[in-house]
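To start, the structure under review is shown below, and the notes come after it.
Every chain is numbered from 1, with letters handed out A, B, ... down the list of sequences.
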Number of protein chains: 2
Amino acid sequence: MNYTAREGNESSHQAGPSGRPDTRAALLEAGFHAFARKGFDGASVRDITREAGANLGAITYHFGSKRALYSEVLEANLTPLVDRVGTAAAGPGTPMERLSAVIAVFFEHLSKNPELPRLMLQEVSAGKQPPPEVVAIVQRNAGYVMGILRDGQTAGELHLRNLLFTTVSIVAQPLFMTIMAPLLREVGGIDMSDPKTRNAALEHVQAFVRAALQPREEA
Amino acid sequence: MNYTAREGNESSHQAGPSGRPDTRAALLEAGFHAFARKGFDGASVRDITREAGANLGAITYHFGSKRALYSEVLEANLTPLVDRVGTAAAGPGTPMERLSAVIAVFFEHLSKNPELPRLMLQEVSAGKQPPPEVVAIVQRNAGYVMGILRDGQTAGELHLRNLLFTTVSIVAQPLFMTIMAPLLREVGGIDMSDPKTRNAALEHVQAFVRAALQPREEA
DNA sequence: GTATAATTCATACGTTCGTATGAATACAAG
DNA sequence: CTTGTATTCATACGAACGTATGAATTATAC
């Protein structure tokens with residue numbers, strides 16, 4: 001029972017920056033693809049280890065279990081996105097400009113990692129309570145968006161009633177737009193892998209949100 | 001090889017309107033729950049048949065395979081929603097009113113069948129091309145929404161650039177709002193099972209879309 | 001070099017999976 | 001009743017699953 005491999009923190013594992021195989025990273029990568037493509041249950045340990053060029057027992061050795069690998073995959077792939085959102089949210093400009101920047105970050109990051117939204121939505125559409133790390137990440141992301149909305153609200157630049165609902169409405173758009181890509185081709189003959197089209201979609205979402213939040217006089 | 005059970009059309013199967021067990025319907029119901037809750041791979045034939053109070057071989061007998069049951073579950077549960085959307089889209093009123101009606105239908109139907117959006121999103125977030133029946137249903141639904149948008153566009157009542165993108169932006173909202181319900185409690189302490197809250201969410205989405213599509217003067 | 005720890009490897013275990021099979025039962029028609 | 005069909009049932013099969021095990025190998029320290 002010596003193969004714990006989880007005792008200390010990283011850095012002592014496999015000399016990442018060297019030319020060594022770094023099985024651990026390969027498993028995270030392969031696991032990401034497999035989980036995104038087939039879901040947790042659909043992706044098998046044999047699939048993942050084979051794709052990673054590792055032995056069947058590698059997941060048990062490096063992570064302890066398939067479930068633990070899944071958790072690390074989630075965290076490792078969601079954190080960079082939310083980090084980018086955080087910096088975009090803290091950037092300069094009016095609240096509306098910062099919001100557009102956040103949408104752009106979202107959109108670009110998801111477009112460059114087309115499997116990520118699948119992973120996220122599978123996690124959320126599973127119905128079960130996601131692992132606490134995921135909840136924390138989502139919470140952090142929501143916090144960034146809500147911060148912008150609050151700023152715009154107090155400055156009178158944005159018009160909205162409910163902070164949380166509006167946040168959901170906004171975040172839903174890049175996620176959905178990205179995840180619907182395969183269906184958009186089928187239904188509308190639109191190819192989201194074309195950068196031109198992708199940019200058009202981004203601009204649509206930005207304009208849509210901008211229009212929705214524009215202050216106006218009404219009951 | 002006599003248990004085909006798929007030769008003719010319905011009506012000869014099990015005398016639905018009688019007091020008989022109607023295993024077939026029970027399997028569709030149990031399969032819907034199980035697939036929505038655990039995904040296709042996560043839901044086992046043994047789970048489903050047990051929940052349906054049927055024998056282990058019942059799925060093979062009545063549908064031929066687990067996959068075939070899944071297809072029927074998808075179709076049986078998506079069609080009623082899209083039918084309702086169709087009637088709402090064909091209703092009276094201005095395009096904006098019809099759009100709000102469609103959103104309300106969406107919202108209400110999804111709220112009453114909280115597992116349905118999970119099923120839909122799992123299907124779409126699986127990445128693989130959904131079965132052609134599902135594509136057809138989605139296409140029909142998109143057609144209804146796009147019809148309203150086109151009407152409003154020619155009447156000058158709605159302002160939008162891209163028909164398809166706008167449709168995605170609209171449909172995404174009730175879906176996301178419903179599916180995010182568990183996270184909304186966690187993140188914002190909001191209980192979507194409360195009818196009051198649910199109605200507030202509906203009104204938010206309607207107002208959000210209305211504002212986004214309101215004609216205005218700009219570049 | 002040798003000793004010690006970290007990692008890989010082949011293989012096996014027990015479980016669960018979807019489906020197949022044929023006997024048993026329920027039902028409808030004559 | 002008897003006959004024939006539709007359905008249920010218990011059980012079995014082979015495959016795939018996640019994980020465990022201990023030997024082989026590789027890296028690190030001395």
Side-chain angles (χ1 to χ4, degrees), chain A residues 1-31 34-35 37-73, chain B residues 1-31 34-35 37-73:
Chain A
M1 193 178 299
N2 55 344
Y3 44 76
T4 57
R6 304 265 57 213
E7 71 308 353
N9 269 347
E10 333 297 313
S11 85
S12 75
H13 281 301
Q14 292 188 258
S18 98
R20 227 94 58 63
D22 201 355
T23 306
R24 201 185 141 82
L27 288 173
L28 279 170
E29 172 83 5
F35 288 137
R37 210 162 35 231
K38 319 219 239 168
F40 178 79
D41 293 296
S44 76
V45 167
R46 284 167 175 81
D47 284 344
I48 297 171
T49 50
R50 191 183 314 117
E51 190 181 319
N55 185 266
L56 174 59
I59 290 180
T60 303
Y61 177 73
H62 284 283
F63 298 92
S65 72
K66 180 188 177 187
R67 188 106 237 162
L69 167 64
Y70 184 63
S71 282
E72 294 222 23
V73 164
Chain B
M1 193 176 298
N2 55 344
Y3 43 75
T4 57
R6 304 263 57 212
E7 71 307 355
N9 269 347
E10 332 297 313
S11 86
S12 75
H13 281 301
Q14 291 188 256
S18 99
R20 226 93 58 65
D22 202 353
T23 306
R24 201 185 143 82
L27 288 173
L28 279 171
E29 172 85 4
F35 288 138
R37 209 160 39 229
K38 318 219 234 169
F40 177 78
D41 293 297
S44 76
V45 167
R46 284 168 175 81
D47 285 344
I48 298 171
T49 50
R50 192 183 315 117
E51 190 181 318
N55 184 265
L56 173 59
I59 289 180
T60 303
Y61 177 74
H62 284 282
F63 298 92
S65 72
K66 179 187 177 187
R67 188 105 237 163
L69 167 64
Y70 184 62
S71 282
E72 294 221 22
V73 163

Exercise. Report, as a single string ordered 5' to 3', how protein heavy atoms within less than 4.0 Å touch nucleotides 10-15 of chain C: B base, S sugar-phosphate only, - not at all.
Key: BBB---
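- Rounded to whole angstrom, the span from the CG atom of B:Asp47 across to the C1' atom of C:dT16 amounts to 11 Å.
- The distance from atom CZ of B:Phe63 to atom P of C:dG18 is 15 Å, rounded to the nearest whole Å.
- Taking 4.0 angstrom as the limit, A:Thr23 places none of its side-chain polar atoms (N or O) nearer than this to OP1 or OP2 of C:dT7.
- Listed by first and then second residue, the salt bridge (Lys or Arg N to Asp or Glu O under 4.0 Å) pairs that reach into residues 56-68 of chain A come to none, sequence neighbours excluded.
- The two residues B:Ala54 and B:Leu27 make their nearest non-hydrogen contact at CB-CD2, 4.2 Å.
- Of the candidates C:dT8, D:dT7, D:dT19, the closest approach to any side-chain atom of A:Tyr61 belongs to C:dT8.
- Between the P atom of D:dT8 and the CZ atom of B:Arg50 lies a distance of 18 Å, rounded to the nearest Å.
- For the pair A:Ile48 and A:Ala43, the tightest heavy-atom approach, listed with the atom from each and the gap, is CD1-CB, 4.4 Å.
- Of the candidates D:dT7, C:dG18, D:dA20, the closest approach to any side-chain atom of A:Thr60 belongs to D:dA20.
- The distance between atom CD1 of B:Ile59 and atom C1' of C:dG18, rounded to the nearest whole Å, is 9 Å.
- Checked against side chain to side chain contact (heavy atoms under 4.5 Å, CB included), A:Ser44 has the following partners two or more places apart in sequence or in another chain: A:Arg46, A:Asp47.
- Checking C:dT8, C:dG18, D:dT19 against every side-chain atom of A:His62, the shortest atom distance belongs to C:dT8.
- Aromatic ring orientation, B:Phe35 versus B:Tyr70: perpendicular (interplanar angle above 60°, classes split at 30° and 60°).
- Each salt bridge (Lys or Arg N to Asp or Glu O under 4.0 Å) pair with one or both residues in residues 51-65 of chain A, not counting sequence neighbours, appears once here: A:Arg37-A:Glu51.
- Between B:Arg24 and B:Glu72 there is a side-chain heavy-atom pair separated by less than 4.5 Å.
- Protein atom CG of B:Asp41 is 15 Å distant from nucleotide atom C1' of D:dG18, rounded to whole Å.
- If you take CG of A:Asp22 and P of D:dA27, they are 14 Å apart, rounded to a whole angstrom.
- Rounded to whole Å, the distance from CZ on A:Arg67 to P on D:dG18 is 12 Å.
- Whole-Å rounding puts the A:Leu27 CG to D:dT19 P distance at 13 Å.
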